[in-house]
Enquirer: 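For reference, the structure I am asking about is given below.
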Amino acid sequence: MARTRPEPMQVVKQRRDAALNALVSGVPYIRFLGITFDRRGDELTGVLNFDDKLIGNPFLPAIHGGVTAAFLEVTAIITLSWAHLFERIESGDLAPEDILTDENMRFPKTIDFTIDYLRSGLPRDAYARAYISRAGRRYASVRVEAWQDHHDKLYAQGTGHFLMPQDPKPES
């Protein structure tokens with residue numbers, strides 16, 4: 001019995017990157033804030049690319065607290081969505097263009113989100129990584145950390161609980 005040949009790694013990487021870009025580019029607020037994601041294997045790192053419009057206090061200057069909160073929440077939601085859809089993306093069942101056009105595509109909904117502002121966000125790029133503490137069929141709990149120059153010097157952290165999207169029931 002002949003086994004099917006595995007896909008070339010470059011094809012797999014391209015499919016993963018295209019799916020992640022489709023997931024992120026479908027949300028106008030993410031584009032407005034200039035948030036991008038760096039994917040290494042199954043780990044996502046959110047990148048808040050600095051822009052002067054993100055400054056809340058020009059006298060310090062410091063990144064606006066609402067921008068920091070949005071950055072942490074977006075990182076949590078995209079990480080949860082990525083984990084939720086990863087098997088379908090890997091199998092080829094979910095194509096990147098389906099992410100943009102599927103009416104049934106849903107993001108996790110925020111139940112609550114708490115931010116700890118540990119220091120001022122400096123006028124430079126910021127990075128965030130979300131860690132899924134628990135992800136069930138209906139509910140997920142996530143912790144997010146944000147830093148700028150050094151990963152050990154967090155400038156903000158957050159925890160949140162999310163209602164996971166339910167897969168549509170197949171029509172009979």
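Atoms considered below: every heavy atom in the structure, side chains included; atoms not considered: hydrogens, waters and symmetry mates. FYI, the numbering just counts along the sequence from 1.
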Enquirer: Is a side-chain N or O of Q148 found less than 3.5 angstrom from the main chain of L122, in a donor-acceptor match?
Expert: yes
Enquirer: Is it the case that one hydrophobic cluster holds both V142 and W147, taking links as side-chain heavy atoms less than 4.5 Å apart, direct or via other members?
Expert: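 No, it is not one cluster - the side chains of V142 and W147 are not joined through contacts under 4.5 Å.
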Enquirer: Ignoring hydrogens, what is the shortest heavy-atom contact between S81 and P108? Give both atom names and the distance.
Expert: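 Shortest heavy-atom separation between S81 and P108 comes out as OG-CD, 3.1 Å.
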Enquirer: Report the distance from atom CG of L80 to atom NZ of K109, rounding to the nearest 0.5 Å.
Expert: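 Between L80 CG and K109 NZ, I get 13.0 Å after rounding to 0.5 Å.
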Enquirer: Is a donor on one side and an acceptor on the other found under 3.5 Å between the side chain of D112 and the backbone of H161?
Expert: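 Yes, D112 side chain to H161 backbone: donor-acceptor pair under 3.5 Å.
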Enquirer: Considering non-hydrogen atoms only, spot the tightest contact between M164 and A140 and give its length.
Expert: SD-CB, 3.6 Å
Enquirer: Do you know the tightest heavy-atom contact between A69 and Y117?
Expert: CB-OH, 3.7 Å
Enquirer: Got a sec, which residues hit salt bridge (charged side-chain N to carboxylate O under 4.0 Å, His left out) with D38, two or more places apart in sequence or on another chain?
Expert: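 With neighbours one apart ignored, the set is R40.
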Enquirer: Is the ring pair Y29/F32 parallel, tilted or perpendicular, if the boundaries are 30 and 60 degrees?
Expert: parallel
Enquirer: Would you please test V144 and T79 for side-chain contact (heavy atoms from CB on, under 4.5 Å) and show each step?
Expert: CA-CA 10 Å; V144 188; T79 300; over 6 Å; no
Enquirer: Keeping to residues at least two apart or across chains, list the salt bridge (charged side-chain N to carboxylate O under 4.0 Å, His left out) pairs with something in residues 147-162.
Expert: R124-D149
Enquirer: Hey, quick one: are Y139 and L163 part of the same hydrophobic cluster, counting side-chain heavy atoms closer than 4.5 Å, chains of contacts allowed?
Expert: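 Yes, one cluster joins them.
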Enquirer: CG/L154 to CG/D116 distance, rounded to the nearest 0.5 angstrom?
Expert: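 Reported to 0.5 Å precision, the distance equals 10.0 Å.
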Enquirer: How long is the straight-line distance from CG of L60 back to CD1 of I63, given to the nearest 0.5 Å?
Expert: 11.5 Å
Enquirer: Quick one: does R31's side chain have a donor or acceptor within less than 3.5 Å of a partner on S25's backbone?
Expert: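 Yes, the answer is positive, given that a donor and an acceptor are paired below the 3.5 Å cut-off.
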Enquirer: Consider side-chain contact (heavy atoms from CB on, under 4.5 Å). Of T75, T45, V47, which one does F37 pass it with?
Expert: T75
Enquirer: Return the set of residues passing ring-ring contact (aromatic ring centres under 6.0 Å, His included) with F86 (not counting sequence neighbours), or none when no residue passes.
Expert: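 Partners of F86 by the ring-ring contact (aromatic ring centres under 6.0 Å, His included) criterion, ordered by chain and then number, come out as W82.
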Enquirer: Nearest 0.5 Å, what's the OH-OH distance between Y155 and Y127?
Expert: 11.0 Å
Enquirer: Taking all non-hydrogen atoms of both residues, which atom of G46 and which atom of F71 are closest, and how far apart?
Expert: O-CZ, 3.5 Å
Enquirer: Can you measure from CG (L44) to OG1 (T36) and round to the nearest 0.5 angstrom?
Expert: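 Spacing of CG (L44) from OG1 (T36) equals 11.0 Å.
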Enquirer: Output the distance between atom CZ (R134) and atom CZ (F162), rounded to the nearest 0.5 Å.
Expert: 14.0 Å
Enquirer: Would you say the side-chain atoms of N57 pair up with the backbone N or O of A62, donor to acceptor, closer than 3.5 Å?
Expert: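 No, the answer is negative, given that no donor and acceptor are paired below the 3.5 Å cut-off.
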Enquirer: Would you say the side chain of V74 lies within less than 4.5 Å of the side chain of V27, judging by non-hydrogen atoms?
Expert: no
Enquirer: Quick check on the hydrophobic clustering: are I77 and L33 connected, directly or via other members, by side-chain heavy-atom contacts under 4.5 Å?
Expert: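 I77 and L33: one cluster.
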Enquirer: With the side chain counted from C-beta on, respond yes when T159 and Y131 share a heavy-atom pair under 4.5 Å apart, and no when they do not.
Expert: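 The answer is no; the side chains never approach within 4.5 Å.
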Enquirer: Check whether L85 and V24 end up in the same hydrophobic cluster, where Ile, Leu, Val, Met, Phe, Trp and Tyr are linked by side-chain heavy atoms less than 4.5 Å apart.
Expert: yes
Enquirer: Restricting to non-hydrogen atoms, name the atom on I55 and the atom on P61 that form the minimum distance, rounded to 0.1 Å.
Expert: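 Closest approach of I55 to P61: CD1-CB, 4.0 Å.
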Enquirer: With hydrophobic residues grouped by side-chain heavy-atom distances under 4.5 Å, do F107 and L20 end up in a single group?
Expert: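 Yes; L20 is reachable from F107 via cluster members.
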